[in-house]
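Below you'll find the structure, written out as structure tokens, and then a few comments.
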Amino acid sequence: MNKKILFLLKFFLTFIILGFIFYKIDIKEFLLIYKKTNFFHIILSIIFYYLAFVFLSIRWKLLLLEHSRNFTVSEIFKIYLLGMLVNTVSPATLGVDVLRGYMIGEKIKSGKSFAFASVLVDRFIGLFGIFSFAPFGILFLKGIPNSKKLIFISFFFSFLIILLFYISWTDIFENIYKKILSRFPFTSLRDKFFKLYDSFKIYSKHKKLLILSYFLTIFLQTFFSIQAYFCARAISINLSPLVFIFIIPLINSLNSIPLTISGLGIREAGFYALFSSYFSLETSVSLSLLYFISGVVANIPFGVYLFKSPFKSEKDI
């Protein structure tokens, strides 16, 4: 499908979902919620957003294996935040993944194949961390609609990710994968997919590292949750931080669905559904947008790296 048509479809879907949500809420009440916004709490939310990405950067640096010595956490952090800025106008998390894979691939000898394999593993580990943690949140929280179905879905996706890792590392899968690709007519593209798989399979020898990355995921989600907590405090919502620690990972998992621009609409629907037991729908939607905007504001300074390299030059070393 033409990229422009696909973008327009996602823009249209974003507009439809947001339109439906705003149709259901009282706009005047929604706007009044922002009237006495506490900007000190917004600053605190941005600080915790940055802390989350520090640990995301550490996780990805670990997953770069022997290439990790070529990068500092600071460089990876800059790439991540630049990717998140680009992600503001791209479907779900695809923007950040494509950009960081490309930029890292420019600096390592193995090229983009290993870079994108590391991004793929990093993304799967992140999703597994969220989905495996989600059932505990659902059990802890009150009034979650269709809680049994959500627990089943979370366990299903957790199991599916583990199964994908296991199957994709078997010799049987490798033989089938390469046999099918060998019939692909475009030699250059076929060779890239061969290299991508070979790079991906390297991680089968680093299971302990994957486990460590998983626990880092659980830990760093706490920082995103505290970011949301301070966004809530900014608009005078007083709710236990534990509620955010269990709900926000569920909502963040929705951002992996590449259906709308930057997850808009889907994220708001998540807040709309999961926080409805704690406060009004208007408050839920206002919190969702503030959570999104605080991240966008945090990303803006990293737009400078659209014009200069985020990597240290030889003169800096």
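Since this is a predicted model, take the numbers as computed values, not measurements. In this chain, residues are counted from 1 in sequence order. All values below come from the heavy atoms of this structure, side chains included, with hydrogens, waters and symmetry mates left out.
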Does a sphere of radius 6.0 Å around [atom1] in [X] hold more than 12 heavy atoms from other residues, nucleotides or ligands, not counting ones at 6.0 Å or beyond?
X      : atom1 : value
Phe215 : CZ    : no
Lys201 : NZ    : yes
Tyr50  : OH    : yes
Phe22  : CZ    : yes
Ile172 : CD1   : no
Lys178 : NZ    : yes
Phe194 : CZ    : yes

Beyond-backbone contact of [X] with [Y], side-chain heavy atoms, under 4.5 angstrom:
X      : Y      : value
Phe230 : Ile43  : no
Ile47  : Gln227 : no
Leu44  : His41  : yes
Ser236 : Lys36  : no
Thr283 : Phe30  : no
Tyr203 : Leu65  : yes
Phe173 : Tyr197 : yes
Pro241 : Ser225 : no

Indicate whether the side chain of [X] and that of [Y] have a donor and an acceptor atom separated by less than 3.5 Å.
X      : Y      : result
Asn299 : Tyr80  : no
Glu268 : Ser288 : yes
Tyr214 : Ser132 : yes
Ser182 : Arg190 : no

Just verifying a value: how many Å separate [X] [atom1] and [Y] [atom2], rounded to the nearest 0.5 Å?
X      : Y      : atom1 : atom2 : result
Leu212 : Leu62  : CG    : CG    : 5.5 Å
Leu239 : Phe244 : CG    : CZ    : 5.0 Å
Ile161 : Phe156 : CD1   : CZ    : 10.5 Å
Ser118 : Leu64  : OG    : CG    : 4.5 Å
Ile58  : Leu63  : CD1   : CG    : 12.0 Å
Ser280 : Ile33  : OG    : CD1   : 5.0 Å

| request: Please work out which of the three classes, parallel, tilted or perpendicular, describes the rings of Phe165 and Phe124, given edges at 30° and 60°. | output: perpendicular

| said: For a side chain to side chain contact (heavy atoms under 4.5 Å, CB included) check, start with the C-alpha distance between Leu287 and Phe279, then their side-chain angles and the critical distance, and finish with the verdict. | reply: CA-CA 11 Å; Leu287 175 58; Phe279 33 72; 4.0 Å; yes

| field | side chain to side chain contact (heavy atoms under 4.5 Å, CB included) between Phe224 and Leu56, worked out | value | CA-CA 11 Å; Phe224 284 125; Leu56 275 169; 3.8 Å; yes

| message | Salt bridge check, Glu75 against Lys107: does any charged N sit closer than 4.0 Å to a carboxylate O? | response | yes

| Carboxylate-amine/guanidinium contact Lys61 Asp122, below 4.0 Å | no

Is the backbone N or O of [Y] less than 3.5 Å from a side-chain atom of [X], with the two atoms forming a donor-acceptor pair by type?
X      : Y      : result
Thr37  : Phe39  : no
Tyr34  : Ser286 : yes
Thr170 : Tyr166 : no

When clusters are formed by joining ILVMFWY residues with side-chain heavy atoms under 4.5 Å apart, either directly or through shared neighbours, do [X] and [Y] land in the same one?
X      : Y      : value
Val296 : Phe223 : yes
Ile248 : Ile130 : no
Leu306 : Val297 : yes
Phe275 : Leu32  : no
Ile293 : Ile235 : yes

What heavy-atom pair brings [X] and [Y] nearest, and what distance separates the two atoms?
X      : Y      : value
Ile46  : Ala298 : CG2-CB, 3.7 Å
Leu210 : Trp169 : CD1-CH2, 3.5 Å
Lys192 : Ser113 : O-OG, 4.0 Å
Arg59  : Thr217 : NH1-OG1, 2.6 Å
Ile104 : Ala115 : CG2-CB, 3.9 Å
Pro310 : Ile79  : CG-CG1, 3.9 Å

| note | Per ring-ring contact (aromatic ring centres under 6.0 Å, His included), Phe271 is matched among Tyr278, Tyr291, Phe292 by Tyr291

| said: Here's a test for you: under ring-ring contact (aromatic ring centres under 6.0 Å, His included), which of Phe128, Phe131, Phe152 qualifies with Phe157? | reply: Phe131

| query | Taking the six-membered ring for Trp, are the ring centroids of Phe53 and Tyr49 within less than 6.0 Å of each other? | reply | yes

| message | Would you say the ring centers of Phe302 and Phe77 fall short of 6.0 Å from each other? | response | yes

| query | Stepwise, does the side chain to side chain contact (heavy atoms under 4.5 Å, CB included) test hold for Leu82 with Met103? | reply | CA-CA 11 Å; Leu82 174 59; Met103 295 191 78; 3.9 Å; yes

| task | Decide side chain to side chain contact (heavy atoms under 4.5 Å, CB included) for Ser45 and Ile42; before the verdict, give the C-alpha distance in whole Å, the side-chain angles of both, and the deciding distance to 0.1 Å. | result | CA-CA 5 Å; Ser45 76; Ile42 297 294; 4.3 Å; yes

